[in-house]
J.: 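Starting off with a structure, shown below.
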Amino acid sequence: MLIVVILKFIHFLSILLAGGIAVGSIVIQRSHMAAGAPPSAPTAKAMRNMGLIGLLAIALLWITGLWLTMQLYGGFQVHSLWWVNAAFYAKLLGATLIAGVSVYANLHMAAASRGNRPPNAQLMGNLAVSGRVGLFLALAGAAIAFSAG
């Protein structure tokens with residue numbers, strides 16, 4: 001039981017970290033868009049670091065989430081009701097989308113930085129929308145899957 005408590009603590013801490021970074025990144029990006037100015041070099045470096053920390057948080061979420069699923073349910077059958085399992089799989093789909101967006105955005109930002117050019121604004125906007133869809137699926141799926149009695 002202690003391992004479950006530790007895993008949940010790390011899982012919740014990772015959710016907090018990833019969420020804070022997501023909100024902070026949006027605030028920084030919108031501020032620079034409104035000002036019509038690119039971020040300064042220190043701000044750009046901080047944004048890259050935030051992206052890497054967010055990716056680490058997502059990796060920790062996956063690791064602890066899979067471990068918790070095995071510890072608590074013994075596999076990916078979390079409930080006997082089909083719609084609860086469907087919600088759980090929607091949560092996994094959303095989490096996969098978020099992870100994919102994070103990896104791709106970090107790779108794109110690194111390539112843009114190496115090329116000394118700004119990231120593709122349209123691509124980053126599309127990735128942000130995809131991340132929001134993933135976030136909705138993950139949160140709604142979790143709320144349904146883990147609230148069913």
J.: Under the 3.5 angstrom rule, does the side chain of Gln71 hit a backbone N or O of Tyr73 as a donor-acceptor pair?
T.: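 Checked: no pair found.
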J.: Once you round to the nearest 0.5 Å, how far does OG of Ser40 lie from NE2 of His32?
T.: 6.0 Å
J.: Listing request: all side-chain hydrogen bond (donor to acceptor under 3.5 Å, both in side chains) pairs with a residue in residues 115-132, at least two apart in sequence or in separate chains.
T.: none
J.: Could you give the distance from CE (Met33) to CD1 (Ile26), rounded to the nearest 0.5 Å?
T.: 11.5 Å
J.: Determine, stepwise, if the pair His11 / Trp62 fulfils side chain to side chain contact (heavy atoms under 4.5 Å, CB included).
T.: CA-CA 9 Å; His11 198 75; Trp62 268 100; over 6 Å; no
J.: Is Met109 linked to Met50 within one hydrophobic cluster, defined over Ile, Leu, Val, Met, Phe, Trp and Tyr using a side-chain heavy-atom separation of less than 4.5 Å?
T.: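 Different clusters.
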J.: Just verifying a value: how many Å separate Ile98 CD1 and Leu93 CG, rounded to the nearest 0.5 Å?
T.: 10.0 Å
J.: Are Ile144 and Tyr89 connected, step by step, through hydrophobic side chains (Ile, Leu, Val, Met, Phe, Trp, Tyr) whose heavy atoms are closer than 4.5 Å?
T.: yes
J.: Please say whether more than 12 non-hydrogen atoms of neighbouring residues, nucleotides or ligands are located less than 6.0 Å from CZ in Phe146.
T.: yes
J.: Just how far is it from atom NZ of Lys8 to atom OG1 of Thr64, taken to the nearest 0.5 Å?
T.: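 Those atoms lie 11.5 Å apart.
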J.: For Leu137 and Gly94, which heavy atoms make the closest approach, and how far apart are they?
T.: CB-CA, 3.7 Å
J.: For residues Val101 and Leu92: do they belong to one hydrophobic cluster (side chain heavy atoms under 4.5 Å, members Ile, Leu, Val, Met, Phe, Trp, Tyr)?
T.: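 In one cluster: no.
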J.: Identify the two heavy atoms, one from Gly75 and one from Thr69, that lie closest to each other, and give their separation to 0.1 Å.
T.: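 For Gly75 and Thr69, the tightest heavy-atom pair comes out as O-CG2, 2.9 Å.
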J.: How long is the gap from CG on Asn106 to CD1 on Ile53, to the nearest 0.5 Å?
T.: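 Rounded to the nearest 0.5 Å, the CG-CD1 separation comes to 10.5 Å.
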J.: When you measure from the side chain of Ser25 to the backbone N and O of Ile21, does any donor-acceptor pair fall under 3.5 Å?
T.: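 Such a contact is found between Ser25 side chain and Ile21 backbone.
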J.: Could you tell me if the side chain of Phe76 sits less than 4.5 Å from the side chain of Leu66, heavy atoms only?
T.: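 In contact.
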J.: Below 4.5 Å, heavy atoms only, C-beta onward: do Leu52 and Leu56 meet side chain to side chain?
T.: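 Sidechains of Leu56 and Leu52: no contact.
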J.: State, to 0.1 Å, how close Ala138 and Ala95 come at their nearest heavy-atom pair, and which atoms those are.
T.: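 Reported closest heavy-atom pair: CB-N, 4.1 Å.
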J.: Is it possible for you to say whether Leu107 and Leu123 belong to one hydrophobic cluster, with membership spreading through side-chain heavy-atom contacts below 4.5 Å?
T.: no
J.: Between Val84 and Phe88, is any pair of side-chain heavy atoms under 4.5 Å apart?
T.: no
J.: May I have the list of side-chain donor-acceptor pairs in residues 12-20 shorter than 3.5 Å, sequence neighbours left out?
T.:
unit_1 : atom_1 : unit_2 : atom_2 : d
Ser14  : OG     : Ile10  : O      : 2.9

J.: Once rounded to the nearest 0.5 Å, what's the spacing between atom CG of Leu55 and atom CG of Leu60?
T.: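 Going from the CG atom of Leu55 to the CG atom of Leu60 covers 10.0 Å.
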J.: Answer yes if Leu72 and Val78 sit in the same cluster of Ile, Leu, Val, Met, Phe, Trp and Tyr residues linked by side chain heavy atoms under 4.5 Å apart, and no otherwise.
T.: yes
